[in-house]
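Reviewing the structure listed below.
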Amino acid sequence: MHISNKCSIAVHCLIFIYEYGEDKKVTSELLSLSTGCNPVTIRNIVSAMKKDGIIDVKFGTGGAKLAVPIQDISLYRICAAVDPKAIDKMIGVHSTPSPFCPVGRNIGSVLDRTYDTIKEDVISSMKSITMKRIVNEYHSTLNSNNK
């Protein structure tokens, strides 16, 4: 299992916007340099977060800012905004079991019930993790690396 790279890139961008958005014009080019990603990828991620209301972006002059307080932005909200199928991609059933085998015919419905429980737990956990917590972890790591 893994969380989509888009989610990780979005979190990276949000930390950068939080840290520097008040003092600098945070553009897709600047975020691209920080993340090491193509500016088009960044623009797509930024656009998805803007559409969800997580950030505001000035047209023309550019520059992204947080639209809501960091404590109101959950990891689940971020992932749902930038990769709506992330959870389904994380936990899924193989698509071609044999219809001639009793196990193959039934494995989908058996695993669907089990995996639905896991998905609910993952979503609940992701909803409990906010950008405030992630930013605090960033600051803690930054402080310990600067000692």
Side-chain angles (χ1 to χ4, degrees), residues 1-97 104 106-147:
M1 280 195 306
H2 75 281
I3 293 180
S4 164
N5 288 344
K6 288 181 184 178
C7 297
S8 299
I9 295 165
V11 169
H12 183 133
C13 291
L14 289 171
I15 293 171
F16 193 95
I17 292 166
Y18 177 78
E19 292 292 305
Y20 302 108
E22 295 300 318
D23 301 327
K24 297 181 189 230
K25 184 168 84 169
V26 179
T27 63
S28 57
E29 288 77 18
L30 189 56
L31 290 170
S32 174
L33 290 171
S34 179
T35 61
C37 295
N38 183 303
V40 173
T41 300
I42 297 300
R43 282 191 283 277
N44 290 334
I45 290 170
V46 165
S47 175
M49 290 194 293
K50 181 180 184 286
K51 183 178 177 184
D52 187 82
I54 296 171
I55 60 174
D56 288 323
V57 180
K58 292 181 185 175
F59 288 108
T61 60
K65 300 213 183 292
L66 295 178
V68 294
I70 60 172
Q71 64 269 16
D72 294 342
I73 306 169
S74 72
L75 186 57
Y76 179 74
R77 181 176 178 182
I78 296 163
C79 287
V82 300
D83 191 358
K85 297 193 183 285
I87 302 299
D88 289 331
K89 288 189 261 180
M90 189 184 308
I91 306 166
V93 179
H94 56 293
S95 61
T96 56
N106 295 292
I107 194 67
S109 61
V110 169
L111 289 178
D112 280 345
R113 288 190 296 271
T114 301
Y115 288 174
D116 283 347
T117 301
I118 295 169
K119 286 177 188 179
E120 289 170 13
D121 291 345
V122 167
I123 289 169
S124 177
S125 181
M126 290 175 76
K127 284 181 176 180
S128 75
I129 299 170
T130 65
M131 277 304 299
K132 181 172 178 60
R133 178 174 164 184
I134 294 169
V135 166
N136 287 342
E137 182 64 29
Y138 164 74
H139 287 149
S140 176
T141 301
L142 190 64
N143 290 335
S144 60
N145 287 339
N146 287 333
K147 290 182 181 180

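- Residue Ile15 holds its CD1 atom at 6.5 Å from CD1 of Ile134, rounded to the nearest 0.5 Å.
- Of all heavy-atom pairs spanning Gly53 and Ala67, the tightest one is O-CB, 3.2 Å.
- For the residue pair Ile78 and Ala10, the shortest heavy atom distance occurs at CG2-CB, 3.5 Å.
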CA sep, side-chain torsions, deciding dist, call: Glu19, His139, side chain to side chain contact (heavy atoms under 4.5 Å, CB included): CA-CA 10 Å; Glu19 292 292 305; His139 287 149; 2.6 Å; yes
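- Considering only heavy atoms from C-beta on, Val26 stays 4.5 Å or farther from Lys65 through its side chain.
- Distance CG/Leu31 to NE2/His12: 7.5 Å, rounded to 0.5 Å.
- Pairs passing the salt bridge (Lys or Arg N to Asp or Glu O under 4.0 Å) check and including a residue from residues 43-52, sequence neighbours excluded, read Glu29-Arg43, Asp52-Arg77.
- Within the 4.5 Å cutoff, the side chain of Leu66 has heavy atoms near those of the Ile73 side chain.
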Tell me which donor-acceptor pairs under 3.5 Å the side chains of residues 112-120 have, and how far apart each pair is, sequence neighbours excluded?
| from | atom 1 | to | atom 2 | distance (Å) |
| --- | --- | --- | --- | --- |
| Thr114 | OG1 | Val110 | O | 3.3 |
| Thr117 | OG1 | Arg113 | O | 3.4 |
| Lys119 | NZ | Asp88 | OD1 | 3.0 |

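- To the nearest 0.5 Å, atoms CD1 (Ile42) and CG (Leu33) are separated by 10.0 Å.
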Can you list the steps and then say if Leu14 with Val135 is a side chain to side chain contact (heavy atoms under 4.5 Å, CB included)? CA-CA 9 Å; Leu14 289 171; Val135 166; over 6 Å; no
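- We find the CD1-CD distance between Ile129 and Glu137 to be 11.0 Å, quoted to the nearest 0.5 Å.
- A 4.5 Å side-chain heavy-atom check between Ile87 and Met90 finds at least one atom pair inside the cut-off.
- Annotation: side chain of Phe16 is in contact with side chain of Leu30 (closest heavy-atom distance under 4.5 Å).
- With rounding to the nearest 0.5 angstrom, the CG atom of Asn5 is 11.0 Å from the OG1 atom of Thr35.
- Here the shortest heavy-atom pairing between Ser28 and Pro39 reads CB-O, 4.1 Å.
- By the neighbour-count criterion of 12 heavy atoms within 6.0 Å, atom OH of Tyr18 is sparsely surrounded, having that number or fewer from other residues, nucleotides or ligands.
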Determine, step by step, whether Met131 and Ile54 satisfy the side chain to side chain contact (heavy atoms under 4.5 Å, CB included) criterion, reporting the C-alpha distance in whole Å, the side-chain angles of both residues, the deciding distance to 0.1 Å, and the verdict. CA-CA 11 Å; Met131 277 304 299; Ile54 296 171; over 6 Å; no
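- With a 4.5 Å cut-off on side-chain heavy atoms, Ile107 and His94 count as touching.
- Without hydrogens or angle criteria, Ser144 side chain to Ser140 main chain gives a donor-acceptor distance under 3.5 Å.
- Checking side-chain atoms of Thr130 against main-chain N and O of Ser74 turns up no donor-acceptor pair under 3.5 Å.
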